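Scroll down for the structure; my scribbles are underneath it.
Chain naming here is simple, since letters A, B, ... match the order of the sequence lines and numbering starts at 1 in each. Because the structure is predicted, anything quoted here is derived from the model rather than measured.
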There are 2 protein chains.
Amino acid sequence: MGVIRITKSVKALLNAFAEQEVALSTVALVEQFQDHMNRSTVYRILERLEDEGILHSFTGSDGLTWYALGNKNLLSGKANLDTHPHFQCKDCGKTECLPMSVSIPDVSKHTVESVSLLLVGQCSDCASV
Amino acid sequence: MGVIRITKSVKALLNAFAEQEVALSTVALVEQFQDHMNRSTVYRILERLEDEGILHSFTGSDGLTWYALGNKNLLSGKANLDTHPHFQCKDCGKTECLPMSVSIPDVSKHTVESVSLLLVGQCSDCASV
DNA sequence: AATTTATTGCAACTTTGTCGCATTAACAAA
DNA sequence: TTTGTTAATGCGACAAAGTTGCAATAAATT
Ligand SMILES: [Mn+2]
Ligand SMILES: [Mn+2]
Ligand SMILES: [Zn+2]
Ligand SMILES: [Zn+2]
């Protein structure tokens, strides 16, 4: 793990995650910071922060890459959050980590190295409309 | 569900799925048929066949869309195969449906409408090398 | 065979993401 | 504080996956 410099752009991105506890998509972040940093900078910082274990990523139902605060910080202490499911609301798009473990189906013939579980539905806010 | 015409291209694509019992990615299919049909035709036929329930799709670890024979045909009779997991071999890329049901974690605050579970690892062929 | 319209080819376009390279700015050492 | 090192950034060009409008074509029906 190489040195990581806490640049203005890194601070800005980390701040975006600190405010909300939800996941943020690359597209949303690129748009949010389009006046403050270059698109490739956003992608590169996200990648770097994931390498450091500060963020983790997954693919949403839209095929986009989503990021959220990761193992080292917010979720530390809780069990086995390396592989946790994610929930995405099809109405408002809100996407979040689910703080629970995933039960892996038995596939004896294969070696399973990673699991990704995505639940899509309606969040509580959108359900109560 | 509109009328579906069994064109040469539709037959060719269905044939590709009939031969093998694995899932096929859009990219692989576009390449396989690049001399016989246009790229947009491939995408449009796949979409149409999925609407008809003949194929179903999911997103691979590569972010690509993968298709496999669906509910109405091959897998009919088996339990609840509407939501089944998929396995993708990180070595050879072979990707397949897992004929088992997915246990959905309890997210009482949300309404879950669909589940996608992807296992990534090493298939039996690649493990025995 | 004629008619209807679903399907296709084509080309242009969009979106997401990557890459090389010159410039800039963290950060540590002096 | 100044200087030196090099990680990080901006920029523009590029790539890959997928979409779209429209004219031409070919299934299916009569
Ligand atoms: Mn997460
Ligand atoms: Mn499947
Ligand atoms: Zn919602
Ligand atoms: Zn394999």
Side-chain angles (χ1 to χ4, degrees), chain A residues 1-17 23-68 86 88 90 93 95 116 118, chain B residues 1-17 23-68 86 88 90 93 95 116 118:
Chain A
M1 50 189 103
V3 186
I4 253 206
R5 294 185 180 177
I6 310 302
T7 66
K8 286 180 184 175
S9 297
V10 168
K11 283 179 189 167
L13 275 171
L14 282 178
N15 213 43
F17 285 100
L24 301 170
S25 73
T26 51
V27 171
L29 289 167
V30 165
E31 205 223 312
Q32 179 178 347
F33 293 105
Q34 62 184 338
D35 295 332
H36 298 72
M37 69 187 90
N38 189 270
R39 173 177 21 164
S40 49
T41 302
V42 175
Y43 283 107
R44 288 193 272 225
I45 290 178
L46 292 173
E47 188 183 30
R48 220 180 306 147
L49 292 176
E50 183 170 29
D51 287 345
E52 294 296 313
I54 297 168
L55 296 180
H56 70 282
S57 70
F58 57 95
T59 302
S61 63
D62 37 31
L64 301 184
T65 304
W66 290 72
Y67 284 89
H86 295 99
Q88 184 164 32
K90 71 182 174 67
T95 302
S116 56
L118 180 69
Chain B
M1 52 189 103
V3 187
I4 253 205
R5 294 187 180 176
I6 309 302
T7 66
K8 285 180 183 175
S9 296
V10 168
K11 283 179 190 167
L13 275 171
L14 281 178
N15 214 43
F17 286 99
L24 301 170
S25 72
T26 51
V27 171
L29 289 167
V30 165
E31 205 222 312
Q32 179 177 347
F33 292 106
Q34 63 183 337
D35 294 333
H36 299 72
M37 69 186 90
N38 188 270
R39 174 184 14 178
S40 49
T41 302
V42 176
Y43 283 108
R44 288 193 272 224
I45 290 178
L46 292 173
E47 188 182 31
R48 220 180 306 147
L49 292 176
E50 183 170 30
D51 287 345
E52 295 296 312
I54 296 168
L55 296 179
H56 70 281
S57 70
F58 57 95
T59 303
S61 63
D62 36 31
L64 301 184
T65 303
W66 291 72
Y67 284 89
H86 295 99
Q88 184 164 32
K90 72 183 173 70
T95 302
S116 57
L118 180 69

**Study point:** Shortest non-hydrogen separation from A:Ala16 to A:Phe33 and the atoms involved
**Key:**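 A:Ala16 and A:Phe33 have their closest heavy atoms at CB-CZ, 4.1 Å.
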
Revision key, fill the gap. All heavy atoms of B:Phe58 vs all of B:Ala23, minimum pair found to be CZ-CB, 3.7 Å

**Study point:** Steps toward side chain to side chain contact (heavy atoms under 4.5 Å, CB included) verdict (B:Ile54, B:Leu14)
**Key:** CA-CA 9 Å; B:Ile54 296 168; B:Leu14 281 178; 3.9 Å; yes

Review point. Under a 4.0 Å heavy-atom cut-off, which of residues 35-42 of chain A touch DNA chain C?
Key: A:Arg39, A:Ser40

Once you round it to whole Å, what is the distance between [atom2] of [N] and [atom1] of [X]?
X       : N      : atom1 : atom2 : result
B:Ile45 : D:dG18 : CD1   : P     : 16 Å
A:Tyr43 : D:dA15 : OH    : P     : 18 Å
B:Glu31 : D:dA17 : CD    : P     : 10 Å

How long is the span from the [atom1] atom in [X] to the [atom2] atom in [Y], to the nearest 0.5 Å?
X       : Y       : atom1 : atom2 : answer
A:Thr59 : A:Gln88 : OG1   : CD    : 10.5 Å
B:Thr95 : B:Leu24 : OG1   : CG    : 9.0 Å
A:Leu13 : A:Gln32 : CG    : CD    : 8.0 Å

Study note, to complete from the structure: Students should find that the end-to-end axis angle of the helix from C:dA1-D:dT30 to C:dA30-D:dT1, with five pairs defining each axis and rounding to 10 degrees, is 30°

Contacts table for residues 36-45 of chain A: side-chain donor-acceptor under 3.5 angstrom, sequence neighbours left out:
unit_1, atom_1, unit_2, atom_2, d
A:Asn38, OD1, A:Ser40, N, 2.9
A:Asn38, OD1, A:Ser40, OG, 2.6
A:Ser40, OG, A:Arg44, NH2, 3.4

Review point. Run the side chain to side chain contact (heavy atoms under 4.5 Å, CB included) check on A:Leu55 and A:Arg48 step by step: do they pass?
Key: CA-CA 9 Å; A:Leu55 296 180; A:Arg48 220 180 306 147; over 6 Å; no

Review point. Where the side chain of A:Arg44 is defined as all heavy atoms beyond and including C-beta, which of D:dG21, D:dG18, D:dG10 is the nearest nucleotide?
Key: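 Closest nucleotide to the A:Arg44 side chain: D:dG10.
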
**Study point:** A:Arg5 and A:Val10: CA distance, side-chain angles, deciding distance, side chain to side chain contact (heavy atoms under 4.5 Å, CB included) verdict
**Key:** CA-CA 8 Å; A:Arg5 294 185 180 177; A:Val10 168; over 6 Å; no

Exercise for review: For A:Ser25, enumerate each residue passing the side chain to side chain contact (heavy atoms under 4.5 Å, CB included) test, keeping only those at least two apart in sequence or located in another chain.
Suggested key: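 Applying side chain to side chain contact (heavy atoms under 4.5 Å, CB included) to A:Ser25 gives A:Val27, A:Ala28, A:Leu64, A:Trp66.
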
Review point. Where does the chain B footprint on DNA chain C start and end, counting 5' to 3' with a 4.0 Å heavy-atom cut-off?
Key: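 Answer, 5' to 3': C:dT5 to C:dC10.
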
Quick one: which protein N/O atoms are closer than 3.5 Å to N/O atoms of nucleotides 23-27 of chain D? Pair and distance per line, please.
unit_1, atom_1, unit_2, atom_2, d
D:dA27, N3, B:Arg5, NH1, 3.1

Exercise for review: Have a look at B:Val30 and say if it touches a base, only the backbone sugar-phosphate, or nothing, with a 4.0 Å heavy-atom cut-off.
Suggested key: nothing

Check your understanding: Taking atom CD of B:Gln34 as the centre, does the number of heavy atoms from other residues, nucleotides or ligands within less than 6.0 Å exceed 12?
Key -> yes

Point to revise | A:Tyr67 vs A:Ser57 side-chain heavy atoms within contact, under 4.5 Å | key: yes

